[in-house]
Every structure is written in structure tokens, then in C-alpha cells.
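These figures come from a predicted structure and were not determined experimentally. Just follow the structure's listing: the first ligand is 1, and inside any ligand the first atom is 1.
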Amino acid sequence: MQAAMNKNKLIEFDREPDPIRHDWSFHELRSLFDLPMNDLLYRAHSVFRRFFDPNEVQISRLLSIKTGACPEDCAYCPQSARYHTGLEPEALIPLEKVLKSAREAKDQGATRFCMGAAWRSPKDRELDRVLEMIEGVKALGLETCVTLGMLSDDQTRRLKESGLDYYNHNLDTSEGYYSEIITTRTYQDRLDTLKRVRDAGIHVCCGGIVGMGESDDDRIGLLLNLANLPEHPESVPINSLVQVTGTPLDGTPKLDPLIFIRTIALARILMPKARIRLSAGRSDMSDEMQALCFFAGANSIFYGERLLTTDNPDADSDRKLFDRLGLSMAGPPHQEKSR
Ligand code: SAM
Ligand code: DTB
Ligand code: SF4
């Protein structure tokens with residue numbers, strides 16, 4: 001009798017499709033994305049609970065270590081030198097300033113410290129200084145992440161040797177919509193950098209931006225490319241466009257919040273073990289929208305009043321939101337309760 005029950009259980013388990021896949025078709029994703037909202041949320045949340053404690057959110061802190069005057073033409077970005085956004089450029093900041101910010105972040109509950117530089121790619125001299133920053137932040141007991149643009153093989157190796165945990169490099173959108181947004185580097189350039197990072201043994205942080213005037217098919221196309229990478233990124237930031245005066249995308253019609261939530265849900269279904277980050281754009285989201293994103297599978301945020309150059313909800317209002325939702329901050333990685 002027991003044996004029969006176990007066998008039935010096994011058969012049932014066998015019938016459950018393996019949720020970790022790299023062979024998704026566009027058609028499958030389109031069908032998931034178009035499910036009735038309750039069915040999509042149910043599926044996403046069920047996958048979420050299999051791999052994570054759904055009430056724990058990982059906390060990252062962002063710091064811009066080199067701001068503005070960027071030669072690239074990313075149409076969303078206030079840091080491109082091509083647009084008049086009124087942003088004050090700032091050269092690479094001193095190590096001490098970075099460490100002060102990292103200490104504060106740790107005291108506030110962050111487990112990861114992400115440093116961003118407005119570069120097309122780092123020069124070797126600049127990289128030397130970033131390596132010192134990584135070593136210093138790591139010594140404080142924080143996970144480290146940097147986003148510096150395109151990398152060479154040698155630079156990637158040196159970053160790994162410095163102890164870097166994550167490299168952020170986004171695909172940003174679908175391959176088809178990409179040329180509407182960026183012309184100064186190709187989609188393939190981005191895939192090449194991501195491969196270098198993966199091959200060097202650094203964790204990959206890769207996602208994109210929605211609300212740039214793209215279609216549902218583009219949002220699905222972005223997630224398809226992420227999900228069908230040889231390995232899923234460990235961290236997937238989903239940014240909602242922060243519209244900045246002076247950038248070409250300022251004035252883009254606002255995306256329906258429910259479409260944003262569907263995008264998060266689909267990302268969770270496709271990449272069950274990834275930390276899906278509710279990234280830029282939270283200042284414009286209602287508490288109820290964020291709550292639905294956390295239900296759909298988002299389990300990471302940037303915490304603190306500033307992203308790189310734009311505003312983020314202040315720490316106090318996020319603490320209140322977490323209290324109201326019964327969410328807690330995930331501990332350092334070795335203490336995490338992920339399943
Ligand atoms: N310069 C490097 C690069 O682009 O590879 C690293 C820094 S760049 C600011 C990092 C990411 O921030 C971009 O890939 C983009 O996804 C996101 N980002 C920049 N401006 C944004 C905006 N206005 N709204 C939402 N996300 C934005
Ligand atoms: C990511 O995907 N989002 C972050 C981080 N990676 C580096 C950046 C968001 C930037 C939002 C605009 C700004 O503050 O300049
Ligand atoms: Fe430069 Fe990065 Fe902004 Fe593009 S997203 S303009 S590469 S800082």
C-alpha cells in the first residue's frame with residue numbers, strides 16, 4: 001500500500017514539468033503572459049514558494065562611483081553626455097567615500113553593495129581603483145556587485161581575482177527593440193560581456209527596463225533571451241523606466257502597472273532560482289502594486305533614497321511597507337532560507 005502511494009507520488013512528481021529550463025519558445029511565453037491574471041499569479045507564486053521563502057526580500061544598495069559624461073547614447077539614461085539633463089558629472093570617487101557608504105548600507109540591512117560607473121568600458125587604470133573598492137567593500141562582509149560597461153577577458157579575470165561576487169550588465173530590452181534605444185553598442189556586444197563574466201565564474205546580474213514604449217512581444221523577447229541563456233542570471237533586475245527630463249524617452253506613455261506585474265510573474269516562472277529585483281522605478285509605484293510584485297515573485301530591492309542619479313523611496317517608507325506586508329530582509333547569503 002505504502003509502496004503504491006509512493007509510486008503514485010513519484011508519478012505525480014514526474015508529471016510536474018521541470019521548472020528549470022533553457023529551451024523556452026516564444027509561443028510558450030506568450031501563452032503564459034496572456035493567462036488570466038489570477039492564473040498567471042498563481043503559477044508564478046507556486047514556483048516562487050518552491051525555491052524561496054516568499055516573505056524574505058534581499059536588500060541591495062546602489063552607489064554611483066563615476067557619474068555622467070558617458071559617451072554612449074542609451075535613450076533612457078540621464079548620464080549620457082549627448083542629452084541635456086542638468087546632471088553634474090563626477091569623476092571616479094575616492095575609496096573612503098565608497099567605504100563610508102558601504103558601512104551605512106550594511107548598518108541599514110543591505111547584504112549587497114552595487115557600484116555603478118557611467119562608462120562604455122573601463123580603462124585599465126580606472127579598473128585598478130575599482131578593484132580596491134571591491135576588496136574594501138568585501139572586507140566589510142558585504143557581497144559586491146559592479147556595473148562598468150563592456151569588459152575584456154583580462155579585465156573580467158582581474159575582477160574575479162579581486163573577489164567580485166556579481167557583475168551587472170543588462171540586455172535592457174528585446175533584440176528587435178534594442179536599436180530604438182541604443183546605437184553605440186550592439187546586443188551581441190552585451191551577450192559577449194555576459195559570457196565573459198559567466199566564464200570567469202562571476203555571478204551574473206542581468207535584466208532590463210520596461211516602460212520604454214516597447215510592446216508585450218518585446219518584454220517577452222527580453223525574458224526569453226534571459227531564460228534561454230546557458231545558465232540563468234542569479235540576479236534579474238526588472239527596471240521600470242525612470243523618465244528624466246532631457247532624455248529622448250522622457251514623455252513616453254506610462255505602462256499599465258498590471259503589465260509590469262505580469263512581466264515580473266513571467267520572469268519568476270522562467271527563472272525560478274533567480275533573485276528577481278524590483279529595481280528602478282519604485283518611487284512611482286503604489287504600495288499595492290509593489291505588494292503584487294512581491295507576490296508574483298520579486299524578492300530583491302534597492303534600498304536607500306538614491307539609485308544612481310535618481311530618487312528611490314526613502315528607507316523609512318520601505319521599512320513601513322515591509323512591516324505592513326510582513327516582509328523581512330534576507331540575511332547574508334550563508335544564512336538565507338532559500339529552498
Ligand atoms: N554604464 C554601464 C552600462 O550601461 O553598462 C553601467 C551603468 S548603467 C546606468 C546600468 C543600467 O541602469 C542600465 O543598463 C539600465 O538598465 C539602467 N538604467 C539606466 N537609466 C535608467 C532609467 N532612467 N530608468 C531605468 N533604468 C535605468
Ligand atoms: C539596474 O538594472 N538598475 C540599476 C543598476 N542595475 C545599476 C540602475 C538604475 C538606474 C536608474 C537611473 C539612475 O538613477 O540614474
Ligand atoms: Fe552610459 Fe550606462 Fe547610461 Fe548607457 S546606461 S548612457 S552606458 S551610463
_Polar contacts were defined as any N/O atom of the residue lying under 3.5 Å from an N/O atom of the ligand; does this apply to Gly208 and ligand 1?_
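In this structure, Gly208 places no N or O atom under 3.5 Å from an N or O of ligand 1.
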For [atom], which protein heavy atom lies nearest, and how many Å away is it?
atom	value
atom 6 (C) of ligand 1	Thr147 OG1, 3.1 Å
atom 24 (N) of ligand 1	Val242 N, 3.0 Å
atom 14 (O) of ligand 1	Asp172 OD1, 3.3 Å
atom 18 (N) of ligand 1	Tyr76 CE1, 3.8 Å
atom 10 (C) of ligand 2	Leu308 CD1, 4.1 Å
atom 11 (C) of ligand 1	Asn170 ND2, 3.8 Å
atom 3 (N) of ligand 2	Asn239 OD1, 3.0 Å
atom 12 (C) of ligand 2	Thr310 OG1, 3.6 Å
atom 9 (C) of ligand 1	Leu308 CD1, 3.5 Å
atom 6 (N) of ligand 2	Asn168 OD1, 3.1 Å

_Does the residue Gly149 have a heavy-atom contact with ligand 1, meaning some pair of atoms that are separated by less than 4.0 Å?_
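It does, in that a heavy atom of Gly149 comes within the 4.0 Å cut-off of ligand 1.
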*Answer yes or no for Arg185: is there a heavy-atom contact with ligand 1 below 4.0 Å?*
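Under 4.0 Å: yes for Arg185.
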_Within this structure, what is the CD-CG distance for the pair Glu175 and Asn225, rounded to the nearest 0.5 Å?_
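The CG atom of Asn225 is 6.5 Å from CD of Glu175, to the nearest 0.5 Å.
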*For ligand 3, indicate whether the residue Met150 contacts it via side chain, backbone, both or neither (heavy-atom separation under 4.0 Å).*
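None of Met150 does.
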Taking 4.0 angstrom as the limit and counting only heavy atoms of [X], give me the atoms of ligand 2 inside it, by number and element.
X	answer
Thr309	13 (C), 14 (O), 15 (O)
Thr147	7 (C)
Leu62	4 (C), 7 (C), 8 (C)
Asn170	1 (C), 2 (O)
Pro237	2 (O)

Counting N and O atoms only, with roles assigned by atom type, does the side chain of [X] sit under 3.5 Å from a partner on the main chain of [Y], one being a donor and the other an acceptor?
X	Y	answer
Asn170	Cys206	no
Arg219	Leu222	no
Glu126	Lys123	yes
Glu28	Ser25	yes

*Given the protein's heavy atoms, is any one of them under 4.0 Å from atom 16 (O) of ligand 1?*
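It does: a protein heavy atom is found less than 4.0 Å away from atom 16 (O) of ligand 1.
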*asked:* Heavy-atom contact check, 4.0 Å cutoff: does Gly116 meet ligand 2?
replied: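 Not so, Gly116 does not reach ligand 2.
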*Are Tyr76 and ligand 2 in contact, using a heavy-atom cut-off of under 4.0 Å?*
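Distance cut 4.0 Å: Tyr76 fails for ligand 2.
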_Could you check whether Lys195 pairs with Glu231 (Lys NZ or Arg NE/NH1/NH2 to Asp/Glu carboxylate O, under 4.0 Å)?_
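No, Lys195 and Glu231 are not salt-bridged.
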_Geometric cation-pi criterion Arg277 and Phe302, 6.0 Å radius, 45° cone_ =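 Arg277 over Phe302 ring: yes.
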Quiz question: by atom type and distance under 3.5 Å, do the side chains of [X] and [Y] form a donor-acceptor pair?
X	Y	result
Arg196	Tyr167	no
Ser215	Asp218	yes
Tyr303	Asn312	no

*What part of Thr310, side chain, backbone, both or neither, has a heavy atom within less than 4.0 angstrom of ligand 1?*
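For Thr310, there is no contact with ligand 1 at all, from either part.
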*Any atoms of ligand 1 less than 4.0 Å from a non-hydrogen atom of Ala117? List them with their elements.*
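Per the distance check, 1 (N), 2 (C), 6 (C), 7 (C).
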_Atoms in ligand 1 with a heavy atom of Trp119 nearer than 4.0 Å_ =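 What qualifies from ligand 1 is 1 (N), 2 (C).
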_Smallest separation among heavy atoms of Cys293 and Ile264, with atom names_ =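 Scanning both residues, the minimum pair turns out to be O-CG2, 3.8 Å.
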*Considering residues at least two apart in sequence or located in another chain, which fulfil the ring pair (Phe, Tyr, Trp, His ring centres under 6.0 Å) criterion with Tyr83?*
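For Tyr83 there are no ring pair (Phe, Tyr, Trp, His ring centres under 6.0 Å) partners, ignoring immediate neighbours.
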*Contacts of atom 4 (Fe) of ligand 3 with protein N/O/S atoms, counting only those under 2.8 Å*: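 As for protein N, O or S atoms lying under 2.8 Å from atom 4 (Fe) of ligand 3, they are Cys74 SG.
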*Crowded around Phe26 CZ? As in, over 12 foreign heavy atoms under 6.0 Å?*
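Result for CZ/Phe26: enclosed.
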